[in-house]
Amino acid sequence: MISALLFALLIMNMGFAEEAEASKGLEVYFMDLGRVDAIVIRCDGATTLIDVGFEDDARSAIRFVHALGIDHLDSYIGTHGHYDHIEGAPEIIEEFKPDRIYISHLGCLSAILECATEEQKQVVSATERVILQPGDSFPIGGGHLTCLGPLEIRQCFPGSSHENDNSLILRLDYGQRSFLFTGDTTDRVLREVDKRYPGRLRTDVLKNPHHNGAHDEDVIDLIQPKWVVFCTDDRDQPKQSYKELLTAKGIRCFLTGPGNQGSVGILSDGESLEVRCGYSAQSVALGTPPQMYVGQEASIEASVESKAITAPERQLGWNSSDEGVAIAHNGRILATGVGTATITATAINGASASAQVQVFDAIVRMDQSSMKLAVGETRRITGAVEPAGAKGVSGEWLSTDPSVVTVRSGKVTAVGEGAAQIVARLSNGAESVCDVTVKGVLARSVRLDRSKATMAVGDTLTLSAKVKPDEYDPDNLEWISSDDSVLWVDDYGNVTAVGAGKARVTVTASDGVTDVCDVKVK
């Protein structure tokens with residue numbers, strides 16, 4: 001798959017390996033290799049790999065694992081004997097020389113050996129092999145992997161769909177956080193496991209059983225995951241009804257594949273969970289989030305410097321410092337409560353950027369963002385509260401400099417020359433601003449030195465405007481021709497006849513008073 005290979009090459013080129021060698025805590029990476037399982041677990045420096053997919057997938061997985069700074073595996077786990085899980089296992093075992101191999105039954109080992117070259121068979125045969133039984137547990141760093149199933153091995157032909165029932169069901173516990181790895185197990189087996197180990201299926205992160213497979217609601221209720229990861233490709237997507245079921249239960253879904261989240265990495269310190277998706281990035285930058293109110297959804301601009309061929313927002317893992325204030329996902333922010341939250345977007349190799357979002361009960365918008373006035377001029381400005389009818393919200397009008405401009409109930413009055421702001425502020429702190437510039441004095445009247453004129457094509461004429469009071473700045477006059485194909489007029493009243501016909505020149509002072517001159521061009 002090009003996506004996994006591209007990802008691996010990129011993070012190798014960036015020196016991600018050196019950064020990862022000193023890593024502490026738990027890291028779980030669901031590789032983007034297509035509709036196959038290939039999962040790297042590193043916990044406090046100890047490593048294991050679950051499944052790998054087909055032979056071609058193993059080559060991409062090897063690059064991925066090396067790029068993480070891993071040259072040796074403590075263990076390799078084959079969940080069951082289907083080729084889309086273990087065909088590439090001989091290459092992985094030959095490359096990383098794991099200390100031991102964990103399998104669910106001897107048939108799985110036979111399937112691995114069947115796919116191996118003679119040299120690989122020697123390596124596999126020389127490696128300690130452990131058939132996991134329900135209740136078995138072994139450490140990975142500070143975490144523990146516990147085998148919960150299958151409770152019994154179902155006898156079936158190689159390649160039979162019944163081999164899915166023989167998938168290992170593994171629970172990883174690290175501090176207060178847990179993961180459930182399920183291979184291609186079935187709802188029937190999961191129900192049996194829950195009867196044997198009540199409550200042990202409940203987890204924070206579920207690797208969805210059987211790639212993009214849909215599962216019964218009662219089984220999801222047994223597991224109660226916060227997040228579900230689908231190891232699949234862009235073509236084989238979960239049923240919409242299944243995704244809607246998970247979403248309705250407040251479960252976040254992550255899908256591998258370049259059209260979705262790419263590779264999915266989930267990191268934990270034993271308390272928090274952080275997701276990093278997609279591909280590596282040289283740098284990440286975020287735009288400034290808009291001021292938001294509860295219930296509002298908005299986008300945040302993400303700029304990613306990367307060679308990965310996918311949408312920038314999907315190259316990133318999104319996190320909020322307080323999901324009670326705002327939730328972030330795929331470049332979208334949902335305001336959930338009043339307060340301030342830090343939104344962080346992180347590439348899978350750790351490059352990141354953050355931005356703060358403020359959420360209010362309501363916001364106010366003014367119908368004008370700027371205005372120019374003359375001394376003594378008045379104008380109306382309105383402010384609208386969103387959402388309409390927001391309860392418990394009051395507001396006030398303010399001027400940042402009353403010596404320049406005042407405002408009362410939306411009536412703006414220019415007092416003196418200068419610049420100031422009119423502020424509409426709500427009781428929850430939300431505000432909107434209009435920039436005001438005051439220059440010159442208010443015109444009471446304007447009169448042209450003529451009301452009519454006759455010109456020939458090519459003639460020029462200068463109109464003179466008399467404005468009262470005398471202090472009015474003539475630079476604030478606006479000159480307009482009603483027909484530019486007949487007359488041109490510049491900002492100083494200079495008129496040029498350009499074509500036969502009739503046109504009107506209008507001069508307007510800053511407060512709207514006007515005068516006109518009708519011109520005939522022969």
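Keep in mind that the numbers below use all heavy atoms, side chains included, and drop hydrogens, waters and symmetry copies. Index from 1, following the sequence.
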Straight-line distance of Asp233 CG to Asn212 CG, nearest 0.5 Å: 7.5 Å

Inter-residue atom distance Asp32.CG - Asp57.CG, 0.5 Å rounding: 10.0 Å

Separation between CG of Leu442 and CG of Leu373, rounded to the nearest 0.5 Å: 9.5 Å

Salt bridge Asp173-Arg171, side-chain N to carboxylate O under 4.0 Å: yes

Steps toward side chain to side chain donor-acceptor pair (under 3.5 Å) verdict (Asp37, His211): CA-CA 7 Å; Asp37 283 9; His211 313 293; 3.2 Å; yes

Asp204 bridged to Lys226 by N-O distance under 4.0 Å: yes

Tyr242 and Phe230 aromatic ring geometry - parallel, tilted or perpendicular at 30°/60° bounds: perpendicular

Salt bridge flag under 4.0 Å for residues Glu323 and Arg252: yes

Side-chain donor-acceptor contact under 3.5 Å, Asp475 with Tyr492: no

Salt bridge flag under 4.0 Å for residues Glu271 and Arg177: no

Partners meeting side-chain hydrogen bond (donor to acceptor under 3.5 Å, both in side chains) with Arg365 (sequence neighbours left out): Glu386

Salt-bridge criterion met for Glu244 and Lys239 (N-O under 4.0 Å): no

